K.L.:
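Before we start, here is the structure in question, set down as structure tokens.
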Amino acid sequence: MGPVRLGTLLFILTVYGAWAGTPKEEEDDTERLPSKCEVCKLLSLELQEELSRTGRSREVLELGQVLDTGKRKRHIPYSVSETRLEEALENLCERILDYSVHAERKGSLRYAKGQSQTMATLKGLVQKGVKVDLGIPLELWDEPSVEVTFLKKQCETMLEEFEDVVGDWYFHHQEQPLQHFLCEGHVLPASETACLQETWTGKEKVTDGQEKTEEEEQDEEEEEEMTNTPVHSQHDPEDL
């Protein structure tokens, strides 16, 4: 199994041990769960994106009924209606399950949609015949992780608690980013807002808990190239 470095494989397995919900120590369970800042950040992002998607609708809603008194139905643009907000909030936290844990990224950036680099590498090893044991069946690898499931539950709790704040923002304060109005203005103390400033540029990766240097990223690319060569799992582990 010469083409695969032992250090690289061990790091991948260690990182994804957390993904699979098999903690090394009991206190690790708490340390790797999403923070309140991360929950609010993703909740705000998902809601703002959904509202942006429907914001250009020219649909006009008719509200009320024509009564004997002669009152007419009210015509309200869908883009500013309560209906639009209610539809955006529907299944909002359920969409959090579309996220994956990108364990190779640092901070709140580890939560993103799409398959992580680590998972892609693990699946590649399996396809090449390497036995990779995460403690769960292969068919469950794409199921939401412990972190993401917790994230979804906390999203539901936060949305229920701050529903009125979200409504106030929607009807009166949309000139402000929801993340600023909700997270910084109502949910989080100033000392816990650091994750809101984290943005993905493609360089925010970690190795053994530290940010990667350009040299380390280059080494990783070379290792990934080497894993593209055939690997036979029957080789002795010492050959790693």
Side-chain angles (χ1 to χ4, degrees), residues 18-19 29-57 59 61 76-117 143-206 211:
W19 172 89
D29 267 347
T30 302
E31 291 177 359
R32 64 182 171 79
L33 291 178
S35 67
K36 197 171 185 178
C37 180
E38 291 164 339
V39 174
C40 193
K41 181 178 183 178
L42 295 184
L43 186 160
S44 300
L45 177 64
E46 284 297 311
L47 179 54
Q48 193 114 45
E49 285 186 351
E50 181 62 20
L51 289 173
S52 296
R53 188 182 67 81
T54 61
R56 296 183 180 181
S57 172
E59 181 182 358
L61 304 179
I76 298 179
Y78 174 78
S79 60
V80 296
S81 68
E82 184 176 357
T83 300
R84 177 179 169 228
L85 175 61
E86 291 175 347
E87 291 177 350
L89 292 174
E90 186 177 1
N91 298 321
L92 173 68
C93 295
E94 196 71 26
R95 295 196 292 273
I96 295 293
L97 296 178
D98 294 335
Y99 282 74
S100 298
V101 176
H102 293 245
E104 68 276 2
R105 303 181 185 181
K106 66 177 182 178
S108 63
L109 303 177
R110 70 183 183 273
Y111 302 115
K113 293 181 179 179
Q115 182 173 260
S116 71
Q117 179 181 328
E143 291 297 309
S145 67
V146 172
E147 288 187 63
V148 172
T149 301
F150 181 85
L151 191 61
K152 182 247 187 185
K153 291 180 179 178
Q154 292 304 304
C155 171
E156 293 171 339
T157 300
M158 185 175 293
L159 190 57
E160 181 177 356
E161 182 177 355
F162 294 96
E163 184 176 4
D164 290 342
V165 175
V166 172
D168 183 34
W169 169 82
Y170 176 78
F171 290 112
H172 306 294
H173 301 284
Q174 284 198 49
E175 73 281 357
Q176 299 183 43
L178 176 57
Q179 184 173 285
H180 172 74
F181 185 83
L182 176 63
C183 303
E184 296 184 52
H186 293 84
V187 177
L188 304 168
S191 60
E192 297 180 13
T193 60
C195 87
L196 303 179
Q197 312 307 320
E198 296 172 348
T199 56
W200 175 247
T201 66
K203 297 181 179 180
E204 295 78 8
K205 296 184 179 181
V206 296
E211 188 172 356

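Owing to the predicted nature of the structure, the values given are computational and were not obtained by experimental measurement.
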K.L.:
When rounded to the nearest 0.5 angstrom, what is the spacing between CG in Leu43 and CD in Glu156?
P.N.:
10.5 Å

K.L.:
If every non-hydrogen atom of Leu89 is compared with every non-hydrogen atom of Val166, which pair is closest and at what distance?
P.N.:
CD2-CG1, 4.4 Å

K.L.:
Over all heavy atoms of both residues, which pair between Ser145 and Val101 is shortest? Give the atoms and the distance, please.
P.N.:
OG-CG2, 3.3 Å

K.L.:
Quick one: OG1 on Thr149 to CD on Glu143, what's the gap to the nearest 0.5 Å?
P.N.:
9.0 Å

K.L.:
Under 2.5 Å between the SG atoms of Cys183 and Cys37?
P.N.:
no

K.L.:
Begin with the C-alpha distance, continue with both residues' side-chain angles, and end with the deciding distance and a verdict on side chain to side chain contact (heavy atoms under 4.5 Å, CB included) for Tyr99 and Lys152.
P.N.:
CA-CA 10 Å; Tyr99 282 74; Lys152 182 247 187 185; over 6 Å; no

K.L.:
Is there a donor-acceptor contact under 3.5 Å linking the side chains of Glu147 and Tyr111?
P.N.:
yes

K.L.:
Does any non-hydrogen side-chain atom of Ser100 lie less than 4.5 Å from one of Val148?
P.N.:
no

K.L.:
Roughly how far apart are Ser44 OG and Glu49 CD, rounded to 0.5 Å?
P.N.:
11.0 Å

K.L.:
Go through the steps to decide whether Val165 and Phe181 satisfy the test side chain to side chain contact (heavy atoms under 4.5 Å, CB included), and finish with yes or no.
P.N.:
CA-CA 9 Å; Val165 175; Phe181 185 83; 3.7 Å; yes

K.L.:
How long is the straight-line distance from CG of Leu188 back to OG of Ser35, given to the nearest 0.5 Å?
P.N.:
8.0 Å

K.L.:
Within this structure, what is the CG-CD distance for the pair Leu196 and Glu184, rounded to the nearest 0.5 Å?
P.N.:
5.5 Å

K.L.:
Applying side chain to side chain contact (heavy atoms under 4.5 Å, CB included) to Trp169 and Gln48, what does each step give before you reach the verdict?
P.N.:
CA-CA 11 Å; Trp169 169 82; Gln48 193 114 45; 3.5 Å; yes

K.L.:
Taking the side chain as everything from C-beta on, heavy atoms only, tell me whether Arg84 gets closer than 4.5 Å to Leu51.
P.N.:
yes

K.L.:
Just checking, is any N or O donor in the side chain of Ser108 or Glu38 under 3.5 Å from an acceptor N or O on the other one?
P.N.:
no

K.L.:
How about CD on Glu175, more than 12 heavy atoms from neighbouring residues, nucleotides or ligands closer than 6.0 Å, or not?
P.N.:
yes

K.L.:
Looking only at non-hydrogen atoms, find the nearest pair between Phe162 and His186 and report the distance.
P.N.:
CE2-O, 3.7 Å

K.L.:
Rounded to the nearest 0.5 Å, what separation is found between the CG atom of Leu42 and the NZ atom of Lys113?
P.N.:
9.5 Å

K.L.:
Could you tell me whether Gln176 atom CD has more than 12 heavy atoms of other residues or ligands within 6.0 Å of it?
P.N.:
yes

K.L.:
Could you point out which residue of Arg53, Lys41, Arg95 forms a salt bridge (Lys or Arg N to Asp or Glu O under 4.0 Å) with Glu46?
P.N.:
Arg95

K.L.:
What are the two closest non-hydrogen atoms of Val80 and Phe171, and how far apart are they?
P.N.:
O-CE2, 4.0 Å

K.L.:
So, for Phe150 and Pro34, which heavy atoms are closest and what is the spacing to 0.1 Å?
P.N.:
CD2-CD, 3.3 Å

K.L.:
Shortest non-hydrogen contact from Thr193 to Ala190?
P.N.:
OG1-O, 3.2 Å

K.L.:
Could you check Gln115 against His102 for side chain to side chain contact (heavy atoms under 4.5 Å, CB included), going step by step and ending with a plain yes or no?
P.N.:
CA-CA 8 Å; Gln115 182 173 260; His102 293 245; over 6 Å; no

